[in-house]
Amino acid sequence: MAHFETVNELTLKVTFNNGERIHSKAGAMIGFQGNLNFDKELLGPGRTAGNAFVNQLTRRLTGENLPLMLVTPQGKAIGYFANLAQHVVVLDLQPGERVSVESENILAFTESCQYSVRIMGAGIISQKGLFTSTITGPGQCALLCDGNPIAMNGPCTVDPDAFVFYVGMEDPQFRTQMSWKNFIGQASGESYFLDFHDPQTIVVIQPSERTSGIDIGIDGHGGRPTRQDNRLFR
């Protein structure tokens, strides 16, 4: 089967031995040895055409759509994949093991994995809203992170804008910390959080925050620092 490993933290190396195909972010290939074919996936992964169509429609409606390409080897080959010099994290997923991740942080996953979209938490205010992508094993997946990833076990609390992915079956809880200062643009910039409680859950965050949040401040900055200036709800 295809084997994933990282090269210098910033590149995914895929070794194709037995003809297994992989799904990767469209345009992420940076080089290869041997013979590889790249085909844009019109509907995305799915066990059947109907299933693929439903999954594609769900991803578009929830904002979790990710342009994918199917990489098919012709014999033994090696492929290299990367995206904007982001760090690459490779996960080995056991049967039934699930990783929940923002679609923009997906680089590649083996064909044996199942890819879908689900609701995460109870009202997450982030760039992707209430929904997140899930990849379920068995197989391998490669995820992207802006900077070196930081892994924590539950119980822990993270900023939704710095959240990358978590491995586990629990649904995180959404918590706010707002006051009248949020409405006049004088808040700390840390007004909402994701709480994870299960010690078996592994949560990965990045030292970079997405541009998101709800604009509730009268100054037009939503009570957030200008580097996180939100335009989603304007």
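- In this structure, Phe4 has its ring center no closer than 6.0 Å to that of Phe81.
- By the rule that hydrophobic residues join a cluster once side-chain heavy atoms approach within less than 4.5 Å of another member, Phe38 and Leu68 end up as members of separate clusters.
- The minimum heavy-atom distance between Ala108 and Ile22, with the atom names listed, is CB-CD1, 4.4 Å.
- Residues Val89 and Val204 fail the side-chain proximity criterion, which asks for heavy atoms closer than 4.5 Å.
- Closest non-hydrogen pair, Phe165 versus Val101, comes out as CB-CB, 3.6 Å.
- Here the straight-line distance linking atom CG of Leu12 with atom CD of Glu5 works out to 8.5 Å at 0.5 Å rounding.
- A heavy-atom distance below 4.5 Å is not found between the side chains of Asp195 and Pro155.
- Leu107 and Ala28 make their closest contact through CD1-CB, 3.7 Å (heavy atoms, listed as atom of the first residue, atom of the second, distance).
- With no hydrogens or angles considered, no side-chain donor-acceptor pair links Glu102 and Asn105 at under 3.5 Å.
- Considering only heavy atoms from C-beta on, Leu91 comes within 4.5 Å of Val167 through its side chain.
- Between Leu144 atom CG and Ile106 atom CD1 the span is 9.0 Å, to the nearest 0.5 Å.
- Between Tyr166 and Phe196, the ring center distance clears the sub-6.0 Å criterion.
- Taking the side chain as every heavy atom from C-beta outward, Gln114 and Ile135 never approach each other to under 4.5 Å.
- Using modelled atom types, one finds no donor on one side chain facing an acceptor on the other under 3.5 Å when comparing Ser100 with Thr134.
- Panel note: side chain Glu9, backbone His87; no donor-acceptor pair is recorded below 3.5 Å.
- The CD atom of Gln86 sits 8.5 Å away from the CD atom of Glu104 when rounded to the nearest 0.5 Å.
- In this structure, OG1 on Thr110 lies 5.0 Å from CD on Glu20, to the nearest 0.5 angstrom.
- Contact check for Leu66 versus Lys25: side-chain heavy atoms found under the 4.5 Å cut-off.
- Of all heavy-atom pairs spanning Leu93 and Gly137, the tightest one is CB-CA, 3.7 Å.
- A donor-acceptor contact under 3.5 angstrom links the side chains of Glu41 and His23, judged on distance only.
- Considering only heavy atoms from C-beta on, Thr11 stays 4.5 Å or farther from Val88 through its side chain.
- By the 30° and 60° cut-offs, the orientation of the rings of Phe109 relative to Tyr115 is tilted.
- Of the inter-residue distances, the one linking Asn35 atom CG with Lys76 atom NZ reads 15.0 Å to the nearest 0.5 angstrom.
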* Show your working on side-chain contact (heavy atoms from CB on, under 4.5 Å) between His3 and Lys13 and close with a plain yes or no. => CA-CA 8 Å; His3 176 70; Lys13 176 183 178 182; over 6 Å; no

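- Rounding to the nearest 0.5 Å places CD of Glu111 at 7.5 Å from OG1 of Thr72.
- Residues Asn37 and Gln74 form a side-chain contact, since some pair of their non-hydrogen atoms from C-beta on lies under 4.5 Å apart.
- Heavy-atom contacts from other residues, nucleotides or ligands closer than 6.0 Å to CG of Asn8 number 12 or fewer.
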* Asked: For Glu170 and Thr201, what are the C-alpha separation, side-chain angles and deciding distance, and is it a side chain to side chain donor-acceptor pair (under 3.5 Å)?
  -> CA-CA 7 Å; Glu170 77 165 311; Thr201 298; 2.9 Å; yes

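- Of all heavy-atom pairs spanning Ala26 and Lys40, the tightest one is CB-CD, 4.5 Å.
- Phe16 is listed as a side-chain neighbour of Val14, based on a closest heavy-atom distance under 4.5 Å.
- Between Ser103 and Ser133 the shortest heavy-atom distance is CB-OG, 3.6 Å.
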